[in-house]
Amino acid sequence: MGHYKPNLRDIEFNLFEVLGRDKLYGTGPFAEMDVETAKSILDEVTRLAENDLAASFTDADRNPPVFDPATNTAPVPAAFKKSYQAYMDSEYWRLGIPEEIGGTTAPATLIWAYAELILGANPAVWMYSSGPAFAGILFTEGTDEQKKAAKIAVEKQWGSTMVLTEPDAGSDVGAGRTKAVKQDDGSWHIEGVKRFITSGEHDMSENILHYVLARPEGAGPGTKGLSLFLVPKYDFDFETGELGERNGVYATNVEHKMGLKASNTCEMTFGDQRPAKGYLIGDRHDGIRQMFRIIEFARMMVGTKAIATLSTGYLSALEYAKERVQGPDLANFMDKTAPKVTITHHPDVRRSLMTQKAYAEGMRALVLYTASVQDEIAAQESAGDDVSALSALNDLLLPIVKGYGSEKSYEQLAQSLQTFGGSGYLQEYPIEQYIRDAKIDTLYEGTTAIQGQDYFFRKIVRNQGAALNTLAENIKKFLAVGTGGQDLATARDTLAKAAVDLEAIVGAMLTDLAATEQDVKSIYKVGLNTTRLLMASGDVVVGYLLLKGAAVAAEKLPTASPKDVPFYTGKIAAAKFFAENVLPGVSVQRALAESVDQSLMELDEAAF
């Protein structure tokens with residue numbers, strides 16, 4: 001057994017007791033994936049994650065890949081290769097890939113449920129294995145010839161990368177200067193330098209397909225001028241998959257990072273040593289839309305990774321707290337002869353543990369709730385129905401999954417370490433690595449600030465609040481029914497107030513946005529509140545989902561088996577605790593949002 005502590009019971013609780021996936025699995029486009037098959041997959045992936053995948057987690061951190069500038073290579077350690085190969089041999093990565101290229105149709109809820117297990121045990125395994133998933137996007141976006149290449153990439157388990165960021169452009173993707181030059185044979189030569197490219201170089205697959213945003217010569221500025229190109233590490237025959245010459249894309253550095261060291265984060269140089277041959281994906285200049293299909297998948301992955309790490313961090317802290325004996329019970333503080341107790345008896349440790357539990361389980365519910373919306377999109381698309389409203393709801397939830405999920409997971413992992421005391425700072429426990437590995441989640445695929453701006457300007461304003469209203473109506477309907485009985489009445493009232501406060505924050509920001517017609521600097525007030533809005537929205541949605549789960553638990557508790565009584569009791573306790581201790585903070589955030597002014601923006605930067 002490795003470091004990883006899964007929570008399969010809570011995953012299945014969300015899937016089959018709260019979200020009703022048992023009614024969806026085995027139907028429509030998921031006819032081949034019934035409940036028993038899905039549970040069997042989750043059981044097997046759990047065992048794989050706990051053992052083979054978790055086995056190299058520590059070793060790969062202590063002995064990370066080393067870049068060789070002479071050969072432009074960065075081989076991964078042998079122990080990690082073994083874990084990676086165990087996952088690829090399992091073939092669970094085929095779930096969700098188009099059947100035409102060797103995949104298996106599966107509900108998004110199942111995909112992200114099993115993804116949590118992989119990402120919690122050894123996140124770099126998932127990242128290196130992205131090739132088939134990206135090939136699925138090549139299949140749907142590509143030409144007939146590229147569709148064949150997608151099938152080859154799956155058969156041969158080739159690696160892949162998403163290549164956006166440039167040294168001078170950073171998160172401003174539209175400022176990218178990497179260019180594409182059209183060749184007489186219809187291919188393109190890509191020229192430029194990209195950085196922070198995950199899995200840009202490794203030795204676990206014979207080829208790596210780079211999905212590269214570049215600006216064709218003569219194209220306009222900004223993101224609209226970008227196109228998406230397929231640039232292989234080795235050129236290959238699109239009919240047979242036979243490898244040809246080494247292409248002119250090379251790793252020219254591998255970053256020395258705070259954490260997630262098993263995952264090669266590379267600087268990639270195109271067209272320096274020799275031409276970097278690329279192929280316009282789909283024969284159409286539609287790069288940013290095409291790349292966003294990968295970005296949105298990656299943002300879902302980042303949120304899931306963060307939450308998976310918090311869950312195993314919390315469960316590790318809980319296990320330690322149940323065994324660590326220190327100090328007498330606080331109620332016996334006057335008795336010098338009182339026996340020592342485990343630290344789970346101490347009030348502040350209990351407060352910290354319940355906070356960790358509430359966030360870990362609440363954000364798991366957030367991921368799977370978002371995935372359930374993706375389930376419905378797939379099911380309704382299959383039936384030929386309009387999915388625009390569901391797609392907008394999914395778009396609204398993604399910044400919360402990624403931005404809120406990553407921030408709160410990192411924050412609560414610090415509490416997990418605190419539970420261990422000084423021991424948590426030592427490498428003999430996994431928490432210090434969890435924290436280092438999780439910090440990146442708040443940064444890549446768009447920092448939290450970018451998620452907040454995207455959430456307000458694109459997902460609320462551009463959508464005219466329709467998706468936010470859908471979410472609000474779902475919460476109001478749940479509250480109106482009063483499920484969970486009298487025991488949850490106070491928590492429901494607290495959630496109702498928090499939802500009203502959240503609407504007021506949005507209202508204040510819309511007022512400030514409208515005021516830009518008279519004073520353009522009013523936009524600064526909006527910008528000062530975008531992250532606040534994202535975090536407050538996360539609190540309200542997680543509070544809602546925790547209460548939704550608690551209501552199910554309350555209904556089942558009277559007839560529950562002795563084994564399930566503690567589980568259901570814990571679900572109710574976590575929901576009430578979150579409502580009592582976190583949701584009142586939304587009122588504070590409302591007051592701050594409504595009182596924000598221009599003074600910070602008018603301050604001379606010398607004062608900083």
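- Electrostatic pairing of E166 and K194 counts as a salt bridge here, judged by a charged N lying under 4.0 Å from a carboxylate O.
- For the residue pair Y429 / H3, no side-chain donor-acceptor distance below 3.5 Å is found, with atom types taken as modelled.
- Annotation: side chain of V163 is not in contact with side chain of Y211 (no heavy-atom distance under 4.5 Å).
- K305 has its side chain within reach of I440: a pair of non-hydrogen atoms, C-beta onward, lies under 4.5 Å apart.
- T448 and E407 are linked by a side-chain donor-acceptor pair at a separation below 3.5 angstrom, with hydrogens and angles left out of the test.
- Side-chain contact annotation: R458 with Q453, donor-acceptor N/O pair under 3.5 Å absent.
- Every pair passing ring pair (Phe, Tyr, Trp, His ring centres under 6.0 Å) that includes a residue from residues 256-292 is listed here, sequence neighbours excluded: W188-H285, F238-Y279.
- The closest side-chain donor-acceptor pair between R284 and S227, if any, does not fall under 3.5 angstrom.
- Of the N and O atoms on the side chains of Y455 and S537, at least one donor lies less than 3.5 Å from an acceptor on the other residue.
- For E245, the CD atom counts as loosely surrounded, since its 6.0 Å shell holds 12 or fewer non-hydrogen atoms of other residues, nucleotides or ligands.
- With contacts defined as side-chain heavy-atom distances shorter than 4.5 Å, the pair E217/K182 does not qualify.
- Heavy-atom neighbours of Q418 CD from other residues, nucleotides or ligands within 6.0 Å: at or below the threshold of 12.
- Taking the side chain as every heavy atom from C-beta outward, W93 and M88 approach each other to under 4.5 Å.
- Listed by first then second residue, pairs satisfying salt bridge (Lys or Arg N to Asp or Glu O under 4.0 Å) with a partner in residues 71-90 read K81-D203, not counting sequence neighbours.
- The environment of K151 atom NZ is sparse: at most 12 non-hydrogen atoms of other residues, nucleotides or ligands sit within 6.0 angstrom.
- A salt bridge is defined here as a Lys NZ or Arg NE, NH1 or NH2 lying under 4.0 Å from an Asp or Glu carboxylate O, and E267 with R195 fails to meet this definition.
- Side-chain atoms of R215 and T178 form no donor-acceptor pair, as typed in the model, at a separation below 3.5 Å.
- Side chains of Q374 and N394: a donor on one and an acceptor on the other come within 3.5 Å.
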Please walk me through it: do Y404 and V542 pass side chain to side chain contact (heavy atoms under 4.5 Å, CB included)?
CA-CA 10 Å; Y404 177 87; V542 165; 3.7 Å; yes

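- The CD1 atom of I295 lies 11.5 Å from the CD atom of Q290; values are rounded to the nearest 0.5 Å.
- A donor-acceptor pair shorter than 3.5 Å cannot be found between the side chains of D283 and T143.
- Using a 4.5 Å heavy-atom threshold, the side chains of L398 and M300 count as touching.
- You'll find the side chain of K408 reaches within 4.5 Å of the side chain of M535, heavy atoms only.
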What do the steps show when you test W158 against F236 for side chain to side chain contact (heavy atoms under 4.5 Å, CB included), and what is the final call?
CA-CA 12 Å; W158 286 349; F236 64 96; 3.7 Å; yes

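- Between the side chains of S372 and D375, no donor-acceptor pair of N or O atoms lies under 3.5 Å.
- For E155, the CD atom is densely surrounded, since the number of other residues' heavy atoms within 6.0 Å is greater than 12.
- For the ring pair (Phe, Tyr, Trp, His ring centres under 6.0 Å) test with F80, the passing option among F57, Y87, Y128 is Y128; the others fail.
- Ring-centre distance between W126 and Y114: below the 6.0 Å cut-off.
- Minimum interatomic distance between G403 and L534 (heavy atoms only, all atoms of both residues): CA-CD2, 4.1 Å.
- Looking only at atom types and distance, the side chain of S416 has no donor-acceptor partner in the side chain of Y434 under 3.5 Å away.
- The 12-atom threshold is not exceeded at CZ of R177, counting heavy atoms of other residues, nucleotides or ligands nearer than 6.0 Å.
- Looking at residues two or more places apart in sequence or on another chain, you find a side chain to side chain donor-acceptor pair (under 3.5 Å) between S187 and D185.
- Side-chain contact between P132 and Q157 is absent, with no heavy atoms from C-beta onward closer than 4.5 Å.
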Set out, in order, the CA-CA distance, both residues' side-chain angles and the distance that settles side chain to side chain contact (heavy atoms under 4.5 Å, CB included) for Y234 and E206, then state yes or no.
CA-CA 8 Å; Y234 287 93; E206 65 176 14; over 6 Å; no

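- Looking only at atom types and distance, the side chain of S56 has a donor-acceptor partner in the side chain of S83 under 3.5 Å away.
- E91 and R94 are joined by a salt bridge, as a carboxylate oxygen and a charged side-chain nitrogen come within less than 4.0 angstrom of each other.
- Contact check for L119 versus M301: side-chain heavy atoms found under the 4.5 Å cut-off.
- In this structure, F297 and F134 have perpendicular ring planes: the angle between them is above 60°, well past the 30° mark.
- Look at R289 and E141 and you find a salt bridge, because one of the NZ, NE, NH1 or NH2 atoms lies within 4.0 Å of a carboxylate O, short of that distance.
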